[in-house]
Amino acid sequence: MKFMIRLTIDGTPHELTPVKAFRAQHDLPPTFGIAYFTPKNYDGLGNIDGAAAGSALGQLRATILSLIPLHVFAAELPSVVTRLADHFREQMDQINSRIGLQAQEVEFAVGGFADVAHKYAFSLLRARLTGEPVPEFKSIYDEWLMTGVRVMETPFAYDDDRHHWHVRVISHVYGRVGLIVQADNATHYVYDPALVCPAEGFMVGLLSEVCAKLAVALR
């Protein structure tokens, strides 16, 4: 599933230019990107690469999806989602020995799962009450993602023979995701996911499947 590279910053939506395209447009070196300004320290971080981690995440996904009832009455939906979030936490605790996430990373994953699933569930209930179409998962997910967008206050200077820019880092709930480049007479918004949490793709996929099953199950 591919999501748009568009972020709402200070209340205004902006399309972000992929960093490779931005480099080509401005004849920049391959080192220009988010890691140039804010290098990431990987010491002590979990790793979802490798067969063991992949198997563990596959187990988590299968377990969570199997716990969604075939039929859910509207009044039960919030409590069903709460139980799913509780099971997600339990599964994360069980598989973490094969992934090695820090405690705060586990809390972040659990909180994100609960927030998005509840947000989608309430949108389902609202659609049921108003007669509106069932909401798209993507729109709910993007709305949640936008609530976590932040811009670093202090700019970095980028100076070479042709460029004299001020650059600020954009982050969202999955980490640093882009740059705001202030040139002489223009402001550029650049998308660079090089340092984004690698679990984002897994979480988006899992939540999409969970929400789709909840929409089908609602009675």
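Since we're looking at a predicted model, the values are computed, not measured.
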Can you name the closest pair of heavy atoms from [X] and [Y] and give their distance?
X	Y	result
M152	R168	O-CD, 3.2 Å
V116	F137	CG1-CE1, 3.9 Å
A109	M203	O-CE, 3.6 Å
F108	V173	CZ-O, 2.6 Å
A117	L207	N-CD2, 4.2 Å
A74	L218	CA-CD1, 3.7 Å

Mark yes or no for whether [X], through its side chain, and [Y], through its backbone, hold a donor-acceptor pair below 3.5 Å.
X	Y	result
K213	L65	yes
R176	T38	yes
Y120	L214	no
E76	F73	yes
S208	V204	no
R126	A121	no
H163	H26	yes

Given side chains that start at C-beta, do those of [X] and [Y] come closer than 4.5 Å, heavy atoms only?
X	Y	result
L179	H188	no
Y158	F37	yes
T187	Y189	yes
V167	P155	no
S55	R98	yes
H14	T8	no
F32	D192	no
R162	D27	yes

Heavy-atom neighbours of Q94 CD exceed 12 at 6.0 Å: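 Above 12, so yes.
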
Flag if over 12 foreign heavy atoms under 6.0 Å of CD, Q25: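 Atom CD in Q25 is crowded, with more than 12 foreign heavy atoms closer than 6.0 Å.
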
L60 vs L206, side chain to side chain contact (heavy atoms under 4.5 Å, CB included): CA-CA, chis, key distance, verdict: CA-CA 9 Å; L60 183 152; L206 174 61; 3.7 Å; yes

Sole candidate of L16, V19, I180 that passes side-chain contact (heavy atoms from CB on, under 4.5 Å) when paired with V190: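 It is V19; the other options fail the test.
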
Test side chain to side chain contact (heavy atoms under 4.5 Å, CB included) applied to Y191 and V177, step by step: CA-CA 6 Å; Y191 177 68; V177 71; 3.5 Å; yes

Inter-residue atom distance [X].[atom1] - [Y].[atom2], 0.5 Å rounding:
X	Y	atom1	atom2	answer
D86	S79	CG	OG	11.0 Å
I9	M146	CD1	CE	9.0 Å
S123	R128	OG	CZ	12.0 Å
D184	H164	CG	NE2	8.0 Å
T147	L145	OG1	CG	7.5 Å
F202	L57	CZ	CG	4.5 Å

Aromatic ring proximity, centroids under 6.0 angstrom, F156 and Y36: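 No, ring centres 6.0 Å or more apart.
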
F113 and W144 aromatic centres sub-6.0 Å: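 No, too far apart.
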
Salt bridge (charged side-chain N to carboxylate O under 4.0 Å, His left out) against D159, all qualifying residues, sequence neighbours excluded: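 Checked D159 against salt bridge (charged side-chain N to carboxylate O under 4.0 Å, His left out); zero matches.
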
Test salt bridge (charged side-chain N to carboxylate O under 4.0 Å, His left out) applied to R61 - qualifying residues, sequence neighbours left out: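 So R61 forms a salt bridge (charged side-chain N to carboxylate O under 4.0 Å, His left out) with E209.
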
Check against side chain to side chain contact (heavy atoms under 4.5 Å, CB included), Q91 and Q59: CA-CA 9 Å; Q91 289 296 308; Q59 171 192 319; 3.9 Å; yes

Chi angles and distances behind the side chain to side chain contact (heavy atoms under 4.5 Å, CB included) call for L77, F122: CA-CA 8 Å; L77 188 58; F122 284 121; over 6 Å; no

Pair K119 + D115: basic N to acidic O under 4.0 Å: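 Salt bridge flag = no for D115 with K119.
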
